[in-house]
Amino acid sequence: MTEQSAPTTAAGGQGSTARGEQTRQLILDTAMRLFRERGYARTTMRAVAQEAGVAVGNAYYYFGSKEHLVQEFYAGTQREHRQAAAPVLARERDFGARLAGVLHAGVDVLSPYHAFAGAFFKTAAEPTSPLSPFSAESSASRDMSIALFREALTGSAAKLDDELREALPELLWLGYMGVVLYWVHDRSEGQVKTRQLIDGVVPLVDRLVGLSRLRVLRPVTRQALALIHTLRH
């Protein structure tokens with residue numbers, strides 16, 4: 001009985017060979033370059049395959065569509081974001097410092113893609129687009145990002161209202177989406193204004209979180225959380 005080699009499967013499958021992973025990464029890197037150079041709408045899977053030097057069928061084997069390429073890009077940046085934020089989360093217990101570290105780490109990871117982000121945002125901003133960060137297709141990456149903000153909170157010394165503690169990670173993620181949107185449109189050198197925005201907003205958030213424990217503010221907190229729950233569902 002002859003020995004069979006481990007099967008090579010598409011993204012996320014088991015038994016991918018090292019060569020298969022290299023091909024997959026090549027296709028992804030090529031797609032990101034073409035998205036930057038040509039824009040998302042004008043980049044086809046055929047063009048990606050040709051530039052990567054692989055058969056079109058091989059490109060589709062690893063990524064079923066352009067949307068799958070972008071979702072893999074989202075997942076990759078989330079993994080990089082977690083790695084970039086790890087040092088400050090390991091070092092700091094202060095909630096404000098942890099939150100600032102996570103937000104700055106996110107900008108660090110996204111910075112190489114700033115020139116591409118504006119054109120791509122036109123597609124991702126469409127409410128029905130599967131590339132929207134709020135879409136069902138983006139749920140895995142969104143959950144990864146929310147989990148990072150949950151880690152920033154739970155590993156801190158912050159003391160806050162229990163109901164707010166449950167909802168805050170998603171609220172922080174929504175705030176991060178606002179920072180990313182500002183970053184997309186930030187034309188300052190090195191996007192320094194985005195950094196200033198983070199450094200200005202974080203102390204306010206930190207203070208509001210601390211004040212949430214005050215009995216006099218609890219009705220307001222619960223009213224705000226109820227409104228958010230209504231809008232979300």
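A quick note: this is a predicted structure, and the numbers were derived from the prediction, not measured. Heavy atoms only: backbone and side chains are in, while hydrogens, waters and symmetry mates are out.
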- Message: Between Ser132 and Glu126, do the side chains contain a donor N or O and an acceptor N or O under 3.5 Å apart?
- Response: no
- Message: Before you tell me yes or no, could you show the steps for Phe73 and Phe35 under ring pair (Phe, Tyr, Trp, His ring centres under 6.0 Å), namely the whole-Å CA-CA distance, both residues' side-chain angles and the distance that decides it to 0.1 Å?
- Response: CA-CA 12 Å; Phe73 170 71; Phe35 290 160; 8.6 Å; no
- Note on the structure: In short, Tyr176 meets Gly106 closest at the heavy-atom pair OH-CA, 3.5 Å
- Item | Flag for Ser135-Ser138: side-chain donor and acceptor within less than 3.5 Å | yes
- Message: If I take atom CZ from residue Arg150 and atom CD from residue Glu170, how far apart are they, to the nearest 0.5 angstrom?
- Response: 8.5 Å
- Taking all heavy atoms of Thr30 and all of Glu51, pick out the closest pair and write down the distance. CG2-CB, 3.4 Å
- Task: Report yes or no: do Tyr74 and Met45 belong to one cluster of Ile/Leu/Val/Met/Phe/Trp/Tyr joined by side chain heavy-atom distances under 4.5 Å?
- Result: yes
- Using a cut-off of 6.0 Å, state whether more than 12 heavy atoms not belonging to Glu166 lie near its atom CD. no
- Query: Mind checking whether Phe134 and Trp173 have ring centres under 6.0 Å apart?
  - Reply: yes
- Please answer whether the main-chain N or O of Thr154 pairs with a side-chain N or O of Arg165 as donor and acceptor at a distance below 3.5 Å. no
- Message: Take a 6.0 Å sphere around CZ of Arg91 and say whether it holds more than 12 heavy atoms from other residues, nucleotides or ligands.
- Response: yes
- Message: How close do Leu204 and Gly200 get, counting heavy atoms only, and between which atoms?
- Response: CG-O, 3.7 Å
- Sidechain-backbone polar pair: Ser156 side chain, Leu153 backbone, donor-acceptor under 3.5 Å: yes
- side chain to side chain contact (heavy atoms under 4.5 Å, CB included) assessment of Glu137 paired with Gln71: CA-CA 8 Å; Glu137 291 84 352; Gln71 292 299 341; 3.8 Å; yes
- Phe95 and Ile146: same hydrophobic cluster, using ILVMFWY side-chain contacts below 4.5 Å? yes
- Task: For the pair Leu197 and Trp183, evaluate side chain to side chain contact (heavy atoms under 4.5 Å, CB included) and give the outcome as yes or no after the intermediate values.
- Result: CA-CA 10 Å; Leu197 173 65; Trp183 170 83; over 6 Å; no
- Cluster question for you: counting only ILVMFWY and a side-chain heavy-atom cut-off of under 4.5 Å, with indirect links fine, are Leu28 and Met144 together? no
- Note on the structure: For Ile27 and Tyr62, the nearest pair of non-hydrogen atoms, with its separation, is CD1-CD1, 3.9 Å
- Is a side-chain N or O of Gln78 found less than 3.5 angstrom from the main chain of Leu148, in a donor-acceptor match? no
- Task: Please answer: with hydrophobic residues joined when any side-chain heavy atoms are less than 4.5 Å apart, are Val109 and Phe116 in the same cluster?
- Result: no
- Message: With rounding to the nearest 0.5 angstrom, report the CD to CD1 distance, Gln191 to Ile198.
- Response: 11.0 Å
- Message: Applying side chain to side chain contact (heavy atoms under 4.5 Å, CB included) to Val102 and His81, what does each step give before you reach the verdict?
- Response: CA-CA 8 Å; Val102 169; His81 190 181; 3.6 Å; yes
- Task: With Lys193 as the cation and Tyr182 as the aromatic partner, state whether NZ or CZ is under 6.0 Å from the six-membered ring centre and within 45° of the axis.
- Result: no
- Message: Please tell me whether Val201 and Phe149 are part of a single hydrophobic cluster in this structure, the criterion being side-chain heavy atoms less than 4.5 Å apart.
- Response: yes
- Arg24 side chain vs Phe63 backbone, donor-acceptor pair below 3.5 Å: no
- Item | Non-hydrogen atoms of Ala49 and Val56 that approach each other most closely | CB-CA, 3.8 Å
- Shortest non-hydrogen contact between Leu131 and Ala124, atoms and distance: O-CB, 3.8 Å
- Message: Please determine whether side chain to side chain contact (heavy atoms under 4.5 Å, CB included) holds for the pair Val70 and Tyr40, giving the CA-CA distance in whole Å, both sets of side-chain angles, and the decisive distance to 0.1 Å.
- Response: CA-CA 10 Å; Val70 176; Tyr40 177 78; 3.7 Å; yes
- Can you tell me how far the CG atom of Leu208 sits from the CG atom of Leu168, to the nearest 0.5 Å? 10.5 Å
- State whether Arg195 and Asp108 are salt-bridged, where the test is any N-O pair (Lys NZ or Arg NE/NH1/NH2 against Asp/Glu carboxylate O) under 4.0 Å. yes
- Message: Treating Thr23 as the side-chain partner and Arg19 as the backbone partner, does any N or O pair qualify as donor plus acceptor under 3.5 Å?
- Response: yes
- Task: May I ask you to decide if Val184's main-chain N or O and Arg187's side chain share a donor-acceptor pair within less than 3.5 Å?
- Result: yes
- Query: Is it true that atom NE2 of His104 has more than 12 heavy atoms of other residues, nucleotides or ligands lying nearer than 6.0 Å?
  - Reply: yes
- Using distance alone, with no hydrogens and no angle criterion, decide if His114 and Ser111 have a side-chain donor and acceptor under 3.5 Å apart. no
